[in-house]
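See structure below.
Residue numbers start from 1 in every chain, and the chains themselves are labelled A, B, ... in the order their sequence lines are given, proteins ahead of strands.
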Amino acid sequence: MGVPVVDYCERRGLQRRRYQHAGAVSGTDRDRKEDQAWQEEITTIMSDKQDKNQQQAEPQLPLDEIIKNRREKIAVLRSEGINPYPYRYERSHTISEVRDGFEALMQSETVVRLAGRMMLQRLMGKAAFADIHDLGGRMQIYVKINNVGEEQFALFNKMDLGDIIGVEGTLFVTRTGEKTVQVHKFELLSKSLHPLPDKHAGLVDKETRYRRRYADLIVHPEIRQTFIQRSRIIRSIREFLSERGFIEVETPILQPLYGGAAARPFVTHHNTLDIDLYLRIADELYLKRLIVGGFDKVWEYCKDFRNEGMDRLHNPEFSMIELYWAYADYNDIMSLFQDLLRKTVFDLHGSYKITYEDHEVDFEPAFRQMSMVDAVKEATGIDLMPLSFEDARAEAKTKGVEGDGLINWGKVVEAMFEQFVEPTLVQPTVIKDFPLDISPLAKIHRDNPRLTERFELYIAGLETGNAFSELNDPDDQRARFEAQVEAGRAGDAEAHQLDEDYVRALSYGMPPTGGLGFGIDRLVMLLTNSHSIRDVILFPQMRPEE
RNA sequence: GGGGGUGUAGCUCAGUGGUAGAGCAUCUGCCUUUUAAGCAGGUGGUCGAAGGUUCGAUCCCUUCCACCCUCACCA
């Protein structure tokens with residue numbers, strides 16, 4: 001602890017002479033003020049040091065050195081009466097507005113006021129160039145001692161990369177043709193303490209990028225584009241559903257029973273009620289209660305939570321849209337979904353074609369439709385429809401599909417489908433008529449009691465939606481739940497619970513209803529050509545640092 | 001859970017059984033149309049963590065941690 005005191009004070013002495021040489025300030029009054037500021041700052045830094053020393057013995061890491069230097073600059077600024085964190089700045093334009101109207105603004109010698117983060121700096125003694133960035137782009141600024149005066153110029157030389165500044169000036173074009181702001185006045189709007197990643201290479205380490213998304217966004221403006229597109233996608237969907245008369249609602253995230261999907265939940269606890277609650281895994285059962293209650297068309301943009309594995313397609317919390325439409329069946333939902341996706345794609349890209357990884361996907365033609373059993377038959381030559389569970393399981397085994405999970409006919413069909421069909425579905429394809437065994441909330445198929453009226457949409461090998469003619473027979477629903485409970489007892493951790501209140505709701509009478517759920521993250525992945533769900537979620541789940 | 005990979009300066013990366021380097025950033029000096037500005041000089045490291053082998057480990061071995069890819073499981 002003794003060493004830093006001496007060391008620090010000596011450094012301060014050097015620092016102080018340096019600033020005086022810079023010529024920005026002189027006179028004994030100013031000196032006294034600065035002395036006072038330094039005293040205060042030393043006190044602050046010393047107590048910071050004490051704090052740090054209590055946490056770790058290492059006193060002086062390189063990063064600390066940089067941050068310390070910047071704190072010293074802040075202290076000097078304050079001693080000169082400059083607030084390093086002022087309250088607001090009146091911008092006249094954004095950078096992209098200036099770029100778009102550059103010629104006219106330059107001709108008319110309009111004074112513009114821009115603000116942004118300083119990302120590059122080229123200091124040349126009595127003049128300086130710098131690049132500032134805002135959401136819409138980059139603008140070069142030119143600060144010349146003749147234009148801003150000695151004091152401002154000295155101040156500008158003390159700015160660091162990463163500082164947020166505001167500049168006022170007119171426009172010109174340099175001899176190398178770069179559009180530039182001739183700065184007459186500038187202000188520090190927020191001092192940056194932490195150095196930016198490499199100005200050229202950027203931030204490469206994926207872990208750091210996800211953990212410090214703010215830094216990722218600063219140095220990779222193109223990443224922002226993905227999230228702007230995400231916002232547009234949701235806006236298109238919202239517009240579409242609104243035009244079709246769907247009402248946006250909100251249902252509980254904290255639920256005493258979870259349901260609506262096959263997944264393991266997160267558990268939490270409410271102190272006052274002294275009960276465990278589950279974070280919802282789906283909205284389905286609440287939204288259908290609203291259909292019972294007389295809403296004809298409802299939807300929700302929802303965060304769901306599933307306590308399962310994480311990989312490029314799964315984050316523990318993720319976003320879905322679920323919608324329910326009274327007096328409609330799954331065929332109606334199919335065409336609704338198709339229209340919705342086509343509008344969304346077109347709004348985003350101005351075309352119905354997208355590229356995802358190696359695939360070009362075209363949303364313009366009507367989506368191909370196949371029943372799940374037919375799809376398996378086409379891919380493998382095996383028709384599972386007429387087979388018993390045992391025979392189907394034996395057939396599957398000949399294709400190398402086996403496992404403890406194949407506990408009924410439906411599971412066999414599903415496994416065969418996933419193995420041989422799912423990866424091949426590049427163009428938007430509706431797979432319909434799922435086995436009853438694996439669809440506890442869907443209505444039995446009007447032509448085949450072994451199947452349900454359920455479909456999923458596949459695009460580029462990804463499942464992007466799940467829909468059914470909703471089961472509205474309360475007795476059937478109770479029986480399905482009971483089967484699920486039985487499966488749960490047998491060890492299926494993702495089996496449904498029996499939701500008595502939901503069955504009671506159905507017993508009041510729910511109109512025939514079509515419902516749909518689709519994952520927003522995966523849709524955004526598709527439409528922004530992102531490989532991992534972590535690239536479309538701003539703050540993906542990570543194990544905490546340290 | 002299996003397999004593969006990565007972890008060295010704030011960032012991007014080299015590298016070696018004899019306790020470490022580059023570029024950028026940072027600091028100092030010079031520089032009034034530069035643009036990854038330039039030139040000159042400096043500071044900065046528990047080489048992811050803990051054990052082991054060795055006279056000596058950042059390097060070899062073991063275990064652990066984090067992340068990435070992939071397969072499996074799972075929507």
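- Between A:F468 and A:Y330, the gap from one ring centroid to the other reaches at least 6.0 Å.
- Between B:rG52 and B:rU58, the distance separating the two P atoms is 14 Å to the nearest Å.
- Closest to the side chain of A:R534, out of B:rC67, B:rC27, B:rA37, is B:rC67.
- Secondary structure note: stems in RNA chain B built from 3 or more consecutive Watson-Crick or G-U wobble pairs under 3.5 Å occupy B:1-7 with B:65-71, B:10-13 with B:21-24, B:26-30 with B:38-42, B:48-52 with B:60-64.
- The nearest whole Å value for the distance from the CE atom in A:M139 to the P atom in B:rU34 is 18 Å.
- Note that the NE2 atom of A:H220 and the OG1 atom of A:T226 stand 12.0 Å from one another [nearest 0.5 Å].
- Taken from CE in A:M310 to CG in A:N307, the straight-line distance is 11.0 Å, to the nearest 0.5 Å.
- Between A:F266 and A:Y278, the distance from one ring center to the other does not fall under 6.0 angstrom.
- Nearest heavy atoms, A:N315 versus A:I533: N-CD1, 4.0 Å.
- Of the C1' atoms belonging to B:rC59 and B:rG48, the separation is 15 Å, rounded to the nearest Å.
- Side chain A:R175 to base B:rU33: no donor-acceptor pair is found below 3.5 Å.
- Nearest nucleotide to the side chain of A:R312, out of B:rU70, B:rC67, B:rU12: B:rU70.
- Taking every heavy atom of both residues into account, A:S192 and A:L161 meet most closely at OG-O, 4.2 Å.
- B:rG4 and B:rA40 are spaced 47 Å apart, taking the C1' atom of each and rounding to whole Å.
- Using C1' as the reference atom, B:rU19 and B:rA57 are 9 Å apart when rounded to the nearest Å.
- Atom OH of A:Y301 sits about 13.5 Å away from atom CD of A:E322, to the nearest 0.5 Å.
- In the interface, the side chain of A:Q140 is paired with the base of B:rU34 through a donor and an acceptor atom under 3.5 Å apart.
- Taking every side-chain heavy atom of A:E207 into account, B:rA66 is the closest of B:rU34, B:rA66, B:rC69.
- Comparing B:rC11 with B:rG45, their P atoms are spaced 14 Å from each other, to the whole Å.
- Taking only side-chain atoms of A:K144, from C-beta outward, the nucleotide of B:rU32, B:rG10, B:rA25 with the closest atom is B:rU32.
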Give every pair of a protein N or O atom and an N or O atom of nucleotides 47-49 of chain B that lie under 3.5 Å apart, one pair per line with the distance.
none

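- Distances from the side chain of A:L63 to the nucleotides B:rU70, B:rG10, B:rU32 place B:rG10 closest.
- Nucleotides B:rG10 and B:rU26 have their C1' atoms positioned 9 Å apart, rounded to a whole Å.
- Along RNA chain B, the nucleotide nearest A:E456 and the nucleotide nearest A:H531 are compared for position; the residue whose nucleotide lies closer to the 5' end is A:H531.
- By the 30° and 60° cut-offs, the orientation of the rings of A:F455 relative to A:F337 is tilted.
- In this structure, the side chains of A:M119 and A:H133 come closer than 4.5 Å at one or more pairs of heavy atoms.
- Between the base of B:rU32 and the side chain of A:N146 there is a donor-acceptor pair shorter than 3.5 Å.
- In the set B:rU34, B:rU32, B:rU26, the nucleotide with an atom closest to the side chain of A:N69 is B:rU26.
- Here the shortest heavy-atom pairing between A:L457 and A:L341 reads CD2-CD1, 3.3 Å.
- In this structure, A:F417 has its ring center closer than 6.0 angstrom to the ring center of A:Y458.
- Annotation: B:rU34 and B:rG38 have their P atoms spaced 13 Å apart (nearest Å).
- Ring pair A:Y210/A:F539: centre-to-centre distance not below 6.0 Å.
- When the C1' atom is compared between B:rC27 and B:rA14, the two are found 25 Å apart, to the nearest whole Å.
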Every protein N/O lying under 3.5 Å from an N/O of nucleotides 21-24 of chain B:
{"residue": "B:rG23", "atom": "N2", "partner": "A:D198", "partner atom": "OD2", "Å": "2.9"}
{"residue": "B:rC24", "atom": "O3'", "partner": "A:K199", "partner atom": "NZ", "Å": "3.3"}
{"residue": "B:rC24", "atom": "O2", "partner": "A:D198", "partner atom": "OD2", "Å": "3.2"}

